[in-house]
S.K.: 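Questions regarding the structure given below will be posed in turn.
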Amino acid sequence: MSPSIERPRRTAPVSHRILVGLACCGCGASGGPSTTAAGSAADLVLRGGAVYTVDATRSWASAIAVRDGRILYVGADSLPSGMIGPKTELVELAGQMVLPGFQDAHVHPLDSGVDLGECKLDDLTTAVEIVDTIRAYAAAHPDLKWVRGAGWQLPVFPDGNPSKTLLDQAVPDRPAFFYAADGHSAWVNSMALALAKMTRATPDPPNGRIERDRRTHEPSGTLREDAAELVADLLPERTDAELSAGLERAEKEANRFGITTVFEADAREPELKTYAAADRAGKLTFRVIAASHVGEAAGDSLITRLEDWRKRYTATHVHPIAAKIFADGVIEARTAALLAPYLDRPGDSGSPNYDSTTLTRLAVDLDRAGFQIHVHAIGDRAIRMTLDALEQARRMNGVRDSRHGIAHLELIDPADIPRFRRLGVIANFQPLWANGDEYLTKLTEPALGPARSRWLYPIASVARTGAVVAAGSDWSVSSLNPLDGIEMGITHREPDSPKQKPWHPDERVDLATMIPMYTINAAYANHQERETGSIEVGKAADLVILDRNLFAVPPEQIHYAQVVRTILEGRTVYQRGGH
Ligand SMILES: [Zn+2]
C-alpha cells in the first residue's frame, strides 16, 4: 500500500530557499545582496496554507512568494522583510492546500475540446437515451452534412456492438458517425456505410475489423480501429476556427481542474499548428508537450516529417518532442494483442499493429533522431514487444536521457514488471480505469479469466520496483479531473460508491504515491522537471490551490475537493467563482 518510489533523477537540483535578485534562469542564484530592496517585492504571496512542495524530501511549507512568474520563496509565514510590497497581491490561505500545478501525462485536449462542441454521449447509460440524444442533436442542427459526435460507452450495447439500424432510427436522412468513448470503435449508420462503399464484400483492413451481421455478413454498423478510418476519411476536415474553439474549451476545462501542463498524446499537423499559434498569440493557458502521430509511415520520410513538425511548431510553451505509436488496440473490443487467446474467441489473441521487426526499427530510428517514444500498449503481448523494441533501441543507440514511456499498461505479464525500472521506461497509467466498472467486469475479465485478470493495472507492483510512474486521464476517454484519478488510484472504487468492493486491493497505492504521479513524475516524463512539477525556489510558479488538505480528508472524499485557483507562471488562469 505504501510503495516507496524512486525519485526521478533531478538534473538541476534547486537548493536555495530564496531566489536572490531578479534571476529567473531556474538555476537558483547564490550569494549576492539580500532580498530586502524595494525592487525585490513579490508580485504574489500565498500565506497560511498547507503547501505540499513535492520536492525531493516531500517537505511542507506554509508560504510561497512569486515574482515574474518564478517562485521566489518557499517557507514559513514569516517572509523576509521587503518581500511584501505595496503592489504585492497577498492571499491568506487559511489552511487551504497548495500543490504544484497538475500535469496530465496522457490526454487528448484538442480532440476532446472539439468533441465538447458536438454531440456528446459519455454520460448516457441506455441505448434509448443515446438514440434520443442523437435524434435531438440532429434535429437541432439541420444544416450539418454529417451528424457526428463521440463518447458512447461500449458496455451499454451487447458485446459493445451497436447496430446501424439503431442509429438509422436517430439519423435516417444524413450520414452519421460516432466514436466510442475509448476512441477505438466507431458507430455509423447505413448512409455512412453506403458513402464509404462498404458492403459484405469489403475486407477488413490490416489493423481493423468490420463487425458484420452473422447471417448476411453485411457490415452491421460498428467499426473497430482502422476500419473506422474507412468512414472517418470522408468526414469534413475541421476548420482552423473549430480547432481554436476546441482548444479554448480544453484549456478552460483543464485549468478548472488545476492542470497547468498536458501531454498531448496523439497530434497531427493541424493540432500542432493550433497549439503553436495559440502560444505565439499569448493565449495558451497550459504547457503542451506533444507526441506526433506515427501511423503507417516508416523510415526516412517519417523521421523527416516529425523533425519538420518539431522544428516548425516548437514555441515557448509547446514542445513536440515525442512520437506516438499505437502498438495494439483495446481488450474490450478484442483488438489488444495478448500472449494467450481471448477466452471468448478461441485461437484469437489479437494482433499487434506492427510485427516486432517493424516496431523495433521504428523505435531505433525515432530514438536515434532524439524523439521521446510514447507507446499505446494494452495487451501483455504488445507491452512485451514494446519493451523489447525500446531495449533494442538502447542497445543500438546507447543509453541516453530518452524517457520513453508506455501508456495504458492494462495487462502486464508479471515477468515484464521489473523491466520498466531496468530500461528507464516510464509507466504511464490511467488510474481512473482501475475500478471494477463494467468495462472490466463485463467486457475484460470474462475474456481473460481470474488468473490473468490479476495482472490488470498493476500500478502498485510497478511503483514498488522503483520505476517512474506517471498518471494521465486519457480525456475524453475518462474524467479530466486529476482529483478523480488520485482518489481512484487509492480506493479502486467509483467515487460516491461506498458499497462497492475495492477492485484489486493489492494494486492500490497511497496519496503520497498518487500526487507525484500527477506532478513531479509527470513533469519528469514531460522533460519538464527542472522547470515545473514541484514547488521550489527558482522554478516556474505553476500552482494549484485546493479548498482542503487532501492528507486531512478520507480518500473517498478527495473528489469533493475544489480547485480554488490555478496559476501558470504566476498568472491566474482559473479562479473559482471568477472568470
Ligand atoms: Zn490516449
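Scope of the values below: all heavy atoms of this structure, side chains included, with no hydrogens, waters or symmetry mates. One-based numbering, in listed order, for ligands and for the atoms of each.
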S.K.: Under a 3.5 Å threshold, yes or no: a donor from one side chain and an acceptor from the other, between W503 and E445?
M.R.: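 Yes - a donor-acceptor pair under 3.5 Å links their side chains.
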S.K.: Checking only N/O/S atoms, does D474 have one that is under 2.8 Å from the Zn ion (ligand 1)?
M.R.: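 Yes, since at least one N, O or S atom of D474 sits under 2.8 Å from the Zn ion (ligand 1).
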S.K.: Measure from NZ or CZ of K273 to the centre of the six-membered ring of Y275 and say whether it is under 6.0 Å with the direction within 45° of the ring axis.
M.R.: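 Checked: cation-pi criterion not met.
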S.K.: Any N/O/S atom, side chain or main chain, of H108 closer to the Zn ion (ligand 1) than 2.8 Å?
M.R.: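 A backbone or side-chain N, O or S atom of H108 is under 2.8 Å from the Zn ion (ligand 1).
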S.K.: For a 4.5 angstrom cut-off between non-hydrogen side-chain atoms, does D437 reach L440?
M.R.: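 A side-chain contact under 4.5 Å exists here.
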S.K.: Aromatic contact between Y179 and W187, with the criterion being ring centroids under 6.0 Å apart: yes or no?
M.R.: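 Y179 vs W187: aromatic centres not under 6.0 Å.
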S.K.: Counting backbone and side-chain atoms alike, does H376 have an N/O/S atom under 2.8 Å from the Zn ion (ligand 1)?
M.R.: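 No, H376 does not qualify, because none of its backbone or side-chain N, O or S atoms lies under 2.8 Å.
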